[in-house]
There are 2 protein chains.
Amino acid sequence: MSDKNGKKSDIISVAKAARVSPSTVSRYFNHPELLKLTTRRRIEKAVRKEGYIRNRAAQTIHGIRSGTIGVLVPTIDHTIFAEVVQAFSDAVAEEGFTILLASHGYDPQREYAILRKFLEHRVDGIALTGLDHDEAVFQLIESQDVPTVLMWNYAEDSLYPSIGADNELAGQMISQHVLALGHREVACLFAPGAGNDRAKARSRAILNTLAAAGVAVPQDWQLTTVYSVSESKRQAFALFSSAKRPTALICGNDILATGAIYAAARAGLKLPDDISIVGIGDFKGSSEFEPGLTTVRLPARRIGRRAGMTLAAAIKDPKADRTGAHCAPELVVRGSCRAI
Amino acid sequence: MSDKNGKKSDIISVAKAARVSPSTVSRYFNHPELLKLTTRRRIEKAVRKEGYIRNRAAQTIHGIRSGTIGVLVPTIDHTIFAEVVQAFSDAVAEEGFTILLASHGYDPQREYAILRKFLEHRVDGIALTGLDHDEAVFQLIESQDVPTVLMWNYAEDSLYPSIGADNELAGQMISQHVLALGHREVACLFAPGAGNDRAKARSRAILNTLAAAGVAVPQDWQLTTVYSVSESKRQAFALFSSAKRPTALICGNDILATGAIYAAARAGLKLPDDISIVGIGDFKGSSEFEPGLTTVRLPARRIGRRAGMTLAAAIKDPKADRTGAHCAPELVVRGSCRAI
DNA sequence: AATAGTTTTGCAAATGTTTTCATAAATTGC
DNA sequence: GCAATTTATGAAAACATTTGCAAAACTATT
């Protein structure tokens with residue numbers, strides 16, 4: 001706001017320094033091609049001298065885009081979301097947008113409150129995580145009609161363009177693989193479904209696919225644990241220490257699988273001879289375990305990038321293609337699951 | 001901007017609906033205690049009916065704070081930064097701020113450009129990662145005098161309040177531990193120091209501490225690798241497969257150590273009997289390995305939270321205490337490093 | 001050198017708020 | 001029931017810009 005002399009530097013002070021009118025300075029930034037080369041130079045010098053920095057807030061009240069996009073994720077510090085956010089941010093940065101980032105911790109109330117905040121800032125677009133959201137959330141978006149995308153999960157009939165993987169399909173793929181390898185004694189380790197349609201879709205699909213093949217997962221082999229290596233390690237360890245052990249453990253995501261792998265090590269079980277473990281996600285590092293984790297890749301970076309590009313396009317051109325995109329999951333077979 | 005009827009809804013339309021003047025509506029939001037209860041009710045109803053959402057952009061040009069803080073990290077999708085950002089975001093959210101997040105990928109040019117963007121948005125505060133930045137960056141901050149904190153690394157004499165761990169000390173601590181356990185054949189695996197004062201400080205301290213104890217690390221045992229499990233695994237595997245093996249490997253951070261651990265598994269080496277491996281960071285999950293990773297904890301969450309609180313305080317009260325804070329690193333001894 | 005045409009610039013209104021100051025309304029004391 | 005306070009509201013200026021329109025400054029043409 002102030003240059004080295006402490007004077008505030010606005011478009012007017014620049015205009016004075018360049019001996020032109022404020023309008024001309026405005027044009028210098030917004031339509032430079034309308035200016036004579038010499039005035040352009042003069043203004044450039046004045047801008048530098050005054051240390052002037054454009055004020056987007058003042059532009060925004062003229063209906064000009066704010067250049068911000070609100071990104072709302074459950075938590076930032078989970079590999080998956082961090083990757084999506086990184087890719088998203090990079091993609092929209094190329095188009096000149098900056099992201100407002102917030103996390104709601106799976107709390108619908110907070111999600112609504114944050115969304116309101118985003119709208120107060122007059123974000124040009126909104127990216128939410130997952131398909132399911134409070135009715136109030138959708139109403140708010142509808143009423144303000146801000147371009148919106150839903151990331152991470154994919155469904156053809158989602159309310160807003162969804163860009164992500166079909167989590168149901170992912171669950172199906174991994175269980176089919178496990179079945180194909182001959183496993184019939186299968187346990188599951190899921191993330192809690194509350195406020196998390198991705199987790200819900202996966203566990204549903206896994207259980208259904210197994211059931212369809214005649215494999216029923218007993219109640220005490222259906223474990224649920226928060227998204228955390230240590231928690232899943234504890235749970236899996238308990239499972240492995242019990243009298244009857246499954247031949248395979250299907251985990252709702254790779255983090256859970258990581259915990260399970262460590263639990264197996266602690267329990268003295270060798271992968272994949274003593275126990276098969278699979279995950280969903282193919283997070284950074286999942287390929288590096290010894291043996292590598294068999295999983296279903298959900299292309300986080302691709303999703304983030306694509307979501308960002310779609311949203312940026314929708315903002316720049318309201319008539320742009322607003323259909324979602326399915327970033328197909330992909331079975332990645334490594335050494336952690338063997339045939340029986 | 002528009003309610004369900006497509007009419008734009010601003011403070012004036014609300015005023016009309018409530019049959020009061022715009023000033024009164026403004027007061028309803030900013031100084032509700034000045035209003036009569038009945039008018040307050042009337043306005044409340046009108047706001048709801050019109051679906052009005054405050055416009056921070058319009059407030060901001062009145063010199064009112066924008067309610068945003070610019071956070072600039074090298075990359076978002078590395079555990080450490082994700083954790084810091086999460087904690088930071090939570091802390092400032094409590095004070096009503098939303099973060100503008102961007103990553104520069106260790107490119108000073110981009111850092112400067114992003115900073116400018118932040119300032120265009122009239123952020124109320126800025127959080128940068130690390131102590132070292134381009135002269136231009138500091139000049140820009142200086143000229144706009146925006147409250148600023150430097151996160152992650154700590155130094156008493158930093159240009160702006162720094163809140164983080166003393167990375168030099170961390171490097172010292174881990175190498176002292178390794179030395180104390182009797183290791184003399186020590187190899188190192190560092191992250192590249194370019195544009196990364198944290199990495200630089202650590203490797204410097206490690207080498208110095210070892211040297212001071214009379215342990216010289218031969219050139220071909222000083223490995224450098226990008227921040228990636230797969231890369232460090234490759235490098236460590238090469239090291240472990242060579243004719244002469246060190247008794248201990250000190251890694252610049254836990255991610256690198258993770259790769260090294262997998263490399264050991266692949267090379268058929270048992271931890272800690274055949275090789276000792278240590279890291280720096282104590283990232284999520286480092287405790288769960290079998291055996292757990294001996295490392296130096298850098299309290300990411302505490303740093304993020306503290307940085308957020310300090311910055312928020314500095315914004316709200318320009319005379320607030322602006323000294324940094326040292327979140328001391330802490331040696332965490334687990335099973336991955338044994339005495340010789 | 002005058003005219004017509006084109007390019008460049010400035011004026012003034014507009015944007016959505018906040019805030020100061022003044023006025024109107026309500027409350028109190030008598 | 002009236003003046004003196006106190007409280008609640010409105011009018012208008014201010015904030016930092018953009019933009020439509022008109023005026024001024026150039027160029028090209030004759």
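So you know, we letter chains A, B, ... as the sequences are listed, proteins then strands, and number each from 1. Hydrogens, waters and symmetry mates play no part in the numbers below; they use all other heavy atoms, side chains included.
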**OP:** Return the value, rounded to whole Å, for the distance between atom CD1 of A:I12 and atom P of D:dT18.
**Re:** 12 Å
Original post:
Rounded to the nearest Å, what distance is computed from the CD1 atom of residue A:I43 to the P atom of nucleotide C:dT8?
Top reply: 13 Å
**OP:** Identify whether the distance between the nearest side-chain nitrogen and carboxylate oxygen of B:E120 and B:R116 falls below 4.0 Å.
**Re:** no
Subject >> Distance, rounded to the nearest Å, where A:L35 contributes CG and C:dG10 contributes C1' >> reply: 12 Å
**OP:** Just call it for B:T39: base, sugar-phosphate, or nothing, with non-hydrogen atoms closer than 4.0 Å on any strand.
**Re:** sugar-phosphate
Subject >> Presence of B:T24 side-chain N/O under 4.0 Å of D:dG10 phosphate oxygens OP1/OP2 >> reply: yes
**OP:** Work out which heavy atom in A:R56 is nearest to a heavy atom in A:S66; give both atom names and the distance.
**Re:** NE-O, 3.2 Å
Subject >> Nearest-Å distance for atom pair CD/C1', residues B:E33 and D:dT9 >> reply: 15 Å
Original post:
Toward the 5' end of DNA chain D, which comes first, B:R27 or B:A58, by nearest nucleotide?
Top reply: B:R27
**OP:** Assign each of B:I64 and A:L37 to its nearest nucleotide of DNA chain C by heavy atoms, then name whichever residue's nucleotide is nearer the 5' end.
**Re:** A:L37
Original post:
Starting at CZ of A:R40 and ending at P of C:dT7, how long is that distance when rounded to a whole Å?
Top reply: 14 Å
Original post:
With B:D197, which of B:L150, B:T129, B:L131 fulfils side chain to side chain contact (heavy atoms under 4.5 Å, CB included)?
Top reply: B:L131
**OP:** Would you please confirm or rule out a distance under 4.0 Å between OP1 or OP2 of D:dT19 and any side-chain N or O of A:H31?
**Re:** yes
Original post:
How would you label the contact of A:R54 with the nucleic acid (heavy atoms, under 4.0 Å): base, sugar-phosphate, or nothing?
Top reply: sugar-phosphate
Original post:
What is the nucleic acid contact for B:F29, judged by heavy atoms within less than 4.0 Å: base, sugar-phosphate only, or nothing?
Top reply: nothing
**OP:** In whole angstrom, give the distance that lies between atom NZ of A:K16 and atom P of D:dA16.
**Re:** 12 Å
**OP:** Step through it carefully: locate the ring centre of B:F29, locate the ring centre of B:Y52, and say whether they are under 6.0 Å apart.
**Re:** yes
Original post:
Taking atom types as they are modelled, is there a donor-acceptor pair under 3.5 Å from the base of C:dC11 to the side chain of A:S23?
Top reply: yes
Original post:
Would you say a side-chain N or O of B:N55 is under 4.0 Å from OP1 or OP2 of C:dG16?
Top reply: no
**OP:** Return the 5'-most residue of the pair B:R42, B:I61 with respect to DNA chain D, ranking by each residue's nearest nucleotide.
**Re:** B:R42
**OP:** Could you tell me the separation between the OH atom of B:Y28 and the P atom of D:dA8, rounded to a whole number of Å?
**Re:** 16 Å
Original post:
A:S26 side chain to A:T24 main-chain N or O, any donor-acceptor pair under 3.5 Å?
Top reply: no
Subject >> Rounded distance in Å - CZ (A:R19) to P (D:dA24) >> reply: 19 Å
Original post:
Between A:Y52 and D:dT17, is there a side-chain N or O to OP1/OP2 distance below 4.0 Å?
Top reply: yes
Original post:
Is A:Q59 near enough to D:dT18 that one of its side-chain N or O atoms lies under 4.0 angstrom from OP1 or OP2?
Top reply: yes
Subject >> Residue from B:V71, B:L100, B:T148 passing side chain to side chain contact (heavy atoms under 4.5 Å, CB included) with B:I126 >> reply: B:T148
**OP:** With the side chain of B:K36 defined as its heavy atoms from C-beta on, choose the nearest nucleotide among D:dT9, D:dT19, C:dT15.
**Re:** D:dT9
